[in-house]
Every structure is written in structure tokens, then in C-alpha cells.
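By convention in this document, chain letters (A, B, ...) are assigned in the order of the sequence lines, proteins followed by strands, and residues within each chain are numbered from 1. Bear in mind that the values here come from a model prediction, so they are computed numbers and not experimental data.
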Protein chains: 2
Amino acid sequence: MPYGLTVRYRTAMVVKRRLSRQDWAEAALAALADGGLAAVAVEPLAIRLGTTKGSFYWHFANREALVQAAVERWADEHTEALIRQLEPVSDPATRLRQLFEAAIGSGRISRAELALLAHADDPLVAPVLSRVTARRVDFIAACYAETGVPPGDARRHAVLAYTAHIGLIQAQRASGGTLLADRDRPAYLDFLYRVISVERPPRR
Amino acid sequence: MPYGLTVRYRTAMVVKRRLSRQDWAEAALAALADGGLAAVAVEPLAIRLGTTKGSFYWHFANREALVQAAVERWADEHTEALIRQLEPVSDPATRLRQLFEAAIGSGRISRAELALLAHADDPLVAPVLSRVTARRVDFIAACYAETGVPPGDARRHAVLAYTAHIGLIQAQRASGGTLLADRDRPAYLDFLYRVISVERPPRR
DNA sequence: TGCCTTCCGTACGGTGCCGTATGGTCTCAC
DNA sequence: GTGAGACCATACGGCACCGTACGGAAGGCA
């Protein structure tokens, strides 16, 4: 909501900016993160961007195209970028540890995550989500394998690590945050890291 | 139709009968399971039931009331009923084992589950979902405690068990079913059961 | 300066849903 | 059989959104 204001402000103060396809995609991803797939709607977004549908239908054929753009953007930002960033880390155990910390850390990340999981069977979401899920688990499994775990075990570890993570953010939200109090979180993470054979990360 | 019978013919296959509040709630839960919260819509449901909105607004004040009824129905069927069924099992380890088997078994159960998780922040869903989540995890933790695990550990075990389960059905759907092939499932469950300290259930 | 492309504003019609109003029909007690 | 209450059908207005049509404004370039 301060977003719309900002745009209005910018419009008034500076120069009226013409929007690009990327601007729309970015706004769509933001809307997705905090309103679900249904919030990716042309007219509301236009208002939020301080423009009108006229702009939108110049850059996109229809709403479907916008959703696709947003989802692709998400896949890149929240998976490929992270993997690119972790790939140079040579020690696989350190790599895993950093991955889990990054994943568990940001609540902003999980918001888009949850919105997409919520529409996993939507024809626009499903293919990307499926690709991303496979990519992540494969990456985790490869790290485990690199630490010396036999391949079959590596995959099982990876599946557990990934599902425990997804399940945790889901259940935390489902419980209204009462599932795990903040003060119990470190102990739980220690426990989880021990279970999935990751060396305990240093406490901050 | 050649019969000029007194029985009015409806488009649906069901014979025309007067509907109860429960009929609507049941249909709503079914719609929820396979179309998400948005599918709990009065007019489509009326068509599906072979009736009209006139019936609906006799039994319910508005759509909100219908959603509430469906969600409550879900909470009872998929949590309270299961717990009632498991409570008489005296051995806590057996109780846990049966619980996990029941939870992992039915795909029909998880469909409504997923639909509700998808709308965890909806004001109509949130309170019930939060209640149910707490109830389930508490139940699991109590079982663990009863097996002799110290209380703190019991809760951590319970959280892991629950989130691993939720995460698994989520990730399976997200991956389009490719996360864990059917043939890898038993081995994974063995692994999971070992990790969360539950005696391995007998293979069927 | 004028022109042409790129981009945006606005008006409009269409769709799917919610909720109300009102009158009709069915059922059961009597 | 009849009347009262329970239940349903239909028509209507409203809202939020999609997508189209078309007339402009903005900004580079001759």
C-alpha cells in the first residue's frame, strides 16, 4: 500500500515513468507473495502501479501471460540465483548449512513460496513448481552425495530435509505461529540438523 | 421423457429431494477438497446439487456460514474422529504407528488438507486450522512422551514428525508426484520412521 | 516543426459470483 | 381437505474482474 503512494508521489514529483513489462511482472510477483494468485489481477495492479489497464494490455496479451511471467521470475530469483550463489562453495557440508540457513531465514521468501504451493495444481503454476522442486531436491541430494553419503541415502536425506523445511513453514503458518515458539526454535533446529546429518551452524 | 409422472425431473441424476443444512455442508467440503476454497461457491454448488440458491439461502445466512460449516466438518472428520479412534489403543508406539499409517495412506484426506493449508490465512480458515494443528501436534507429542521420551524431546519429535508429513504431501504434489516414486516410498518411510523413532510398521 | 511509433486513458460489453425479494410448492398436523 | 410452516424457484441488482476498441499523449527523429 505504501507502494501505490510512492508511485503517485514519484509521478507527481519527478517524471511520470513509463512502465516496462518487467515492472508489471515485478508488481505481479509482489502481489502474489502477499495476496495469493488471485491478487495477480490486472485492474487492482494497475491501480497499485498508478496506471491503467491500457498499459497492461500493451505489454501482455492477457492475465495468464502476467502470471507466467511472475512465476518464472520467482523461479529464477528464489532457486536459480540461490544455487548459483552456493555452487562455488567447495565444501559440501558448508554448502548445505548455508542453504538451510538461507531457506529458513527469510520470511519474505516463504511468502511467495506459500502462495505458489497453495496453487500447485494450477496449470500455470504446476510446471514451474514441479521443475523448481525437482531442481532443489536434486541439488540437496548432490550435496549429500558429495559428503560421502551413498546415493540412495543421499536422496532420502534430501527429501527429508526439504519436506521438513516446507512442512515447517507450512505448519508454522497453519498454527498461527504457535507451533514453535521463537525461543524453542534454535533447539529444534539443532535437533533437525542432527537428524539430517548437517553440522550445526554457529549461533548468531 | 415419456413418463408424465408426478416426480419432477432434475438435470442431475439424483432424485429430487429436499436438502438439509448438512447436505450443503457436505457438498461444500467435497467442493473444497477438489477445487479449493474458491470452489465453495453458492451458485455452482446449487447446480451440482440439482437445486438453486433459493434452497441455500434458506439454510444459511451467507457464503461465509457455509465455509465455516465445511471447515468445522473437516476438523471433526479428519482430526477429532481419528483421535477418538486411536485413543483406546493402549500402547503408545502402536498408536503412533497407526496414526502415521492412516495419515499417509489416504489421498482423499490430503486433498482437503491441502486446500485448507492453501488458505491458512483466510479469516474463516485460520482459527480452525490453528486449533487442529495444535491438537494434532499435542496428541503426537503426548504419545511420544508416553513412550518414555522426555517432554522437550517429545515435542521436537512431534514437530518433526508432523512437518515431515505435511511437507511430504505438499512436496509430492508440488513435484507432480516425481519427488518420490512409488517404489521408493517404502524405503523412505522406513528411513523416516527410524529417524522419528517409531517402530517400523509391518509391510502390507 | 511535423510525423510516427510507442505507450497509456477511458469507455464499454461480457462473465461469474453474491445476496435479496417475492411468490410458489411441498409436507404434515389436525 | 385445509392451513401453516418449511422449503425452493426465479428474477433482479450489484460488484469485481477480464478483455476490446479506440482516441489520444510522449518521446525520438526527419
Taking only the side-chain heavy atoms of [X] (C-beta and beyond), determine which of [options] contains the nearest atom.
X: B/Ala41; options: C/dC18, D/dC8, D/dC18; value: C/dC18
X: B/Glu43; options: C/dC8, D/dC8, C/dC18; value: C/dC18
X: A/Arg63; options: C/dC8, D/dC18, D/dC8; value: D/dC18

Between side-chain atoms of residues 161-168 of chain A and protein atoms elsewhere (two or more places apart, or another chain), which donor-acceptor pairs fall under 3.5 Å?
{"residue": "A/Tyr162", "atom": "OH", "partner": "A/Arg136", "partner atom": "NH1", "Å": "2.9"}
{"residue": "A/Thr163", "atom": "OG1", "partner": "A/Val159", "partner atom": "O", "Å": "2.8"}
{"residue": "A/Thr163", "atom": "OG1", "partner": "A/Leu160", "partner atom": "O", "Å": "3.2"}

I'd like to check the side chain to side chain contact (heavy atoms under 4.5 Å, CB included) partners of [X]; sequence neighbours left out, ordered by chain and number.
X: A/Ala181; answer: A/Arg183, A/Asp184
X: A/Glu80; answer: A/Asp76, A/Arg84, A/Arg135
X: A/Pro92; answer: A/Arg95, A/Glu146, A/Thr147

Sugar-phosphate, base or nothing in reach of A/Tyr57, heavy atoms under 4.0 Å: base

B/Ser55 side-chain N/O to D/dA9 phosphate OP1/OP2 under 4.0 Å: no

Presence of B/His59 side-chain N/O under 4.0 Å of D/dA6 phosphate oxygens OP1/OP2: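 Checking D/dA6 against B/His59, no side-chain N or O comes under 4.0 Å of OP1 or OP2.
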
CG-CD distance between A/Leu117 and B/Gln170, expressed to the nearest 0.5 angstrom: 5.0 Å

Inter-residue atom distance A/Phe56.CZ - A/Leu66.CG, 0.5 Å rounding: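 The CZ atom of A/Phe56 sits 4.5 Å away from the CG atom of A/Leu66.
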
Residue whose nearest DNA chain D nucleotide is more 5′ - A/Asn62 or B/Phe56: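 Mapping each residue to its closest nucleotide by heavy atoms, the 5'-most match is B/Phe56.
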
Along DNA chain D (nearest heavy atom to each residue), the more 5'-positioned of B/Ser20 and A/Val42: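 Upstream on the strand: B/Ser20.
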
Rounded distance (Å) that lies between atom [atom2] of [N] and atom [atom1] of [X]:
X: B/Asp23; N: D/dC7; atom1: CG; atom2: C1'; result: 13 Å
X: A/Leu19; N: D/dA25; atom1: CG; atom2: P; result: 19 Å
X: B/Ile47; N: C/dT15; atom1: CD1; atom2: P; result: 15 Å
X: B/Phe60; N: D/dC7; atom1: CZ; atom2: P; result: 12 Å

DNA chain C: stems of at least 3 consecutive Watson-Crick or G-U pairs whose donor-acceptor distances fall under 3.5 Å: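 Stems (3+ consecutive pairs) listed as C:1-30 with D:1-30.
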
Residue pairs passing the ring pair (Phe, Tyr, Trp, His ring centres under 6.0 Å) test where at least one lies in residues 171-191 of chain B, sequence neighbours excluded: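 Sorted result for residues 171-191 of chain B: A/His157-B/Phe191.
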
Could you go through nucleotides 4-6 of chain C and list every protein N or O atom that sits under 3.5 Å from one of its N or O atoms, giving the distance for each pair?
{"residue": "C/dT6", "atom": "O2", "partner": "A/Arg18", "partner atom": "NH2", "Å": "3.0"}

Basic-acidic side-chain contact under 4.0 Å: A/Arg185, A/Asp182: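 Looking at A/Arg185 and A/Asp182, the cut-off is not met.
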
Residues that A/Ser175 engages under side-chain hydrogen bond (donor to acceptor under 3.5 Å, both in side chains), provided they are two or more places apart: none

Partners passing side-chain hydrogen bond (donor to acceptor under 3.5 Å, both in side chains) against A/Arg21 (at least two apart in sequence or in another chain):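 Not a single residue meets the side-chain hydrogen bond (donor to acceptor under 3.5 Å, both in side chains) criterion with A/Arg21.
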
Residues in contact with DNA chain D, drawn from residues 120-128 of chain A - heavy-atom cutoff 4.0 Å: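 The answer is none.
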
Within residues 64-72 of chain A, residues whose heavy atoms come under 4.0 Å of DNA chain D: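 None - not one residue of the stretch has a heavy atom sitting under 4.0 Å from the strand.
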
Residue pairs fulfilling side chain to side chain donor-acceptor pair (under 3.5 Å) with at least one residue in residues 117-131 of chain B, sequence neighbours excluded: A/Arg173-B/Asp121, B/Glu72-B/Arg131

